Amino acid sequence: MSSNLLLNDLNEHQSIAVSAKPGNMLVLAGAGSGKTKVLVHRIAWLIHQENYSPYSILAVTFTNKAAGEIRGRIESLLRMSTAGMWVGTFHSIAHRLLRAHYLEAGLEQNFQILDSEDQKRLIKRAIQSLNLDDNTWAPKEAQWFINNKKDKGIRPEKIATNADFHTQTMANIYNAYEGLCRQSNLIDFAEILLRAYELLLKNPETLQHYQTRFKSILVDEFQDTNTIQYRWLKLLAHEQNHMVIVGDDDQSIYGWRGAKIENIKKFSKDFPNASTIRLEQNYRSTGAILNAANNLICHNGERLGKKLWSAGATGSPIALYSAFNEIDEAKFVADQVLEWVSKGYSRSDMAVLYRSNMQSRVIEEQLLQAGITYRVYGGMRFFERAEIKDALGYLRLIANQHDDAAFERVVNQPNRGIGDRTLSIIRQAAKENFCSLWNAAVSSIQQNILTPRAKNSLAGFINMIQQMQQYSVEIELYEITERMFQCTGLVEFYSLQKGEKARSKVENLEELVSATKNYSIEEDTEATVLQSFLSHASLEAGETQGSEQQDCVQLMTLHSAKGLEFPIVFMVGVEEGVFPHQMSADEPGRLEEERRLCYVGMTRAMEQLYLTYSELRRQYGREQYHRVSRFVQEMGNDSLVEIRKKIRVQRPISSQNKKFPSNFNHESGLKLGQNVRHKKFGEGTLLNLEGSGSNTRVEINFKDFGIKRLVLSYANLEGFS
DNA sequence: CCCCCCTCCATTTTT
DNA sequence: TGGAGGGGGG
């Protein structure tokens, strides 16, 4: 491949970035400026022009999707396999290091990954093991605390002993949780990064090996790196290698989960010889959209500075629609979709972007009513589904009996008579002997401290796992899975249940078998295929929906829209309190992140951007008036045009009125709002009446006792007026 | 031991 | 308003 070909369809700045002499480089790449293209071409350039071995390249991303895209584009550009190249997410690369150096990292060979749900369960156990109340000490909050500390590289012993009681207790929970993880040979997501960092920090020889191996380190979406990710990258840096970081401070929208926008500035400081290249030419959006986006983002202070421009047409102005209520807003979107479809656009050319997931409901209802197919992004992924996690739980126990998280999950799933009573005895034993639940279960069978029934069931369970474990070394992965389904009765359990839900669960389990059939081990480690598959399942949770729909409107949050583009974009709920969100509006820093989120949303649109807001919105069961978002005004009015529609939509009669029309007559002869007297509670007003005959229930607001629900036939009410 | 009802709560998400 | 989780009852 000639250098010409690699630089052929690049603009001046892209070309400079791609063909620069090897050295540290910061590429500030605006939205739609060909960031991935530069990354991919840079890698190709290093290989072809600078004679870098693919083996010496490390490319890091945040999502599997981005990593896959880089891989695919390199492969099609260079027509070579990327097998020797390290291209992956922070987590997958850190995991790869841990696999290769598990001893130095203080792990056992068969360590497995804990996803956030499992993590929460284990934290809950840690809380209980400290004899703390898990209502006062919410596992969710502790989980946040622990992950937050890990993201900053802080271990429990490093948390000041003179800290306040709350922090102290949290540190204790953190510590106890770490103990449980060690015992079960498990690591959570944050731990993968922290361990990999500590591995390199504590083993200079290993560090040196990778420093000399990776001659070029390329990082995508650098503005999203957190403290530990940055430190890890900095460790890998060396005089003899160089780093190319690509990012956009204006698109930093993950501050709330630890991303440090400052890392970009830190990079320039820590690598003073790094050159900076700006990619400002946008190939995606019309001039009108870019103009408004630029205007908006100028309201943020402390920017590195960047102004998107386009060589293309100005296009039509951004359309602003002021809806009467959220139903009207959704109807407007549906109407416009139909109009664009009639002009020849595909439904999949259009996306509806919203700030929070709950906003999708009304939109979905109206699209459904208009007969428009749609797809909602987000939600359960394949490997996160309960039935899949059950199956994986069994596979994990087969791979490692001391995996407490897996043990807890499947020991009584499907029900085999090992209830909470038995389990708490096992948990107690495990706690006292500092051993895994598995060992505790085995010894409590031997010691005869369980009821015969429980003992039997438990012994059966232990036996079953042991047997499957024995088989597992001889047979293929999919055979292990199929056999596991037979032995555990998991598929049978779901297929005996009725309904659409149960049917899809069985289908998912079958899908898991085909996933195991298709799986082939990616890299050579000492890990077994089973272990490797389990890691794969944890690190790559899979698609949201099993099968891609053909042609449908895309519904997603603004966050999940990052990196995507659509000819037509609807940004809905552009109101104060919704966007910017109420909870982010007060703090200047968080407001700026909301503004960046708005910027990200706008720059998704290629041809036409709609902004809609609703004057009246039903939220949390009450109606509230909203003003248009401050962001709209900040966009300036030279690229905006307001759309008006004549039809006004009335809200349907509220559900309460539907249930009880005004002429409602109950067989009891009682009327809502009527005064009644009760022997014990005295006088009150009848609020509600449900059911009939002996099942009739009443809700009464008593003067002295407040609202009570009673069964009418027992209440002996006396009506009066 | 399971199911139902009540209460409480309510951004954004990847790995 | 609606979903999830906890507690109580059958």
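Computed from a predicted model, the values in this text were never measured in an experiment.
Contact annotation: A:Arg590 side-chain N/O to B:dT12 OP1/OP2 distance is not under 4.0 Å. For A:Asn357 and B:dT13, the shortest distance from a side-chain N or O to OP1 or OP2 is below 4.0 Å. A sub-4.0 Å separation between OP1 or OP2 of B:dT14 and a side-chain N or O of A:Asn64 is absent. Residue A:Ser356 has no polar side-chain atom (N or O) positioned under 4.0 Å from OP1 or OP2 of B:dA10. OP1 or OP2 of C:dG2 sits under 4.0 Å from a side-chain N or O of A:Arg361. The side chain of A:Thr63 contributes no N or O atom lying less than 4.0 Å from OP1 or OP2 of B:dT14.
For the C1' atoms, the distance from B:dT14 to C:dG3 is 23 Å, rounded to whole Å. When the P atom is used for both B:dT13 and C:dA4, the distance is 16 Å, rounded to whole Å.
For A:Ser538 and A:His559, each mapped to the nucleotide of DNA chain B holding its nearest heavy atom, the one lying further toward the 5' end belongs to A:His559. Where A:Thr557 and A:Arg453 meet DNA chain B, the nucleotide closest to each residue was compared, and A:Arg453 sits on the side nearer the 5' end.
Nucleic acid contact class of A:Ser116 (heavy atoms, under 4.0 Å, all strands): base. A:Gln359 comes within 4.0 angstrom of no nucleic acid atom, judged by non-hydrogen atoms across all strands.
Rounded to whole Å, the distance from CD1 on A:Ile228 to C1' on B:dT15 is 15 Å. Spacing between atom CZ of A:Arg618 and atom C1' of C:dG2 amounts to 12 Å, rounded to whole angstrom units. The NZ atom of A:Lys140 sits 13 Å away from the C1' atom of B:dT13 (whole-angstrom rounding). When the P atom of B:dA10 is taken as reference, atom CD of A:Gln619 falls 13 Å away, rounded to whole Å. Following rounding to the nearest Å, A:Glu365 (CD) and C:dG2 (C1') show an atom-to-atom distance of 12 Å. Atom OH of A:Tyr254 and atom C1' of B:dT14 are 7 Å apart (whole Å). One interatomic measurement links the two molecules: CH2 of A:Trp232 to P of B:dT15, which rounds to 16 Å at whole-angstrom precision. Taking atom NE2 of residue A:His581 and atom C1' of nucleotide B:dT12, one finds them 9 Å apart after rounding to whole Å.
Here the side chain of A:Lys124 is nearest to one of B:dT15, C:dG6, B:dT12, namely C:dG6. Across C:dT1, B:dT14, B:dT12, the shortest atom-to-atom separation from the side chain of A:Arg257 is found for B:dT14. The side chain of A:Asn415 sits closest to B:dC2 out of B:dT13, B:dC2, B:dT14. Nearest to the side-chain atoms of A:Tyr620 among the listed nucleotides B:dT14, B:dA10, B:dT13 stands B:dA10.
Within the 4.5 Å cutoff, side-chain heavy atoms of A:Leu122 are placed close to those of A:Leu186.
Listed by chain and number, the residues in a ring pair (Phe, Tyr, Trp, His ring centres under 6.0 Å) with A:Tyr102 amount to none (sequence neighbours excluded).
Closest approach of A:Ala605 to A:Leu609, counting heavy atoms only: CB-CB, 4.0 Å.
In the displayed structure, A:Glu117 atom CD is contacted under 6.0 Å by more than 12 heavy atoms of other residues, nucleotides or ligands.
In summary, of the residues considered (A:Arg396, A:Arg125, A:Arg121), a salt bridge (charged side-chain N to carboxylate O under 4.0 Å, His left out) with A:Glu408 occurs for A:Arg125 alone.
A salt bridge links A:Glu365 and A:Arg361; the closest N-O separation between the charged side-chain nitrogens and carboxylate oxygens is under 4.0 Å.
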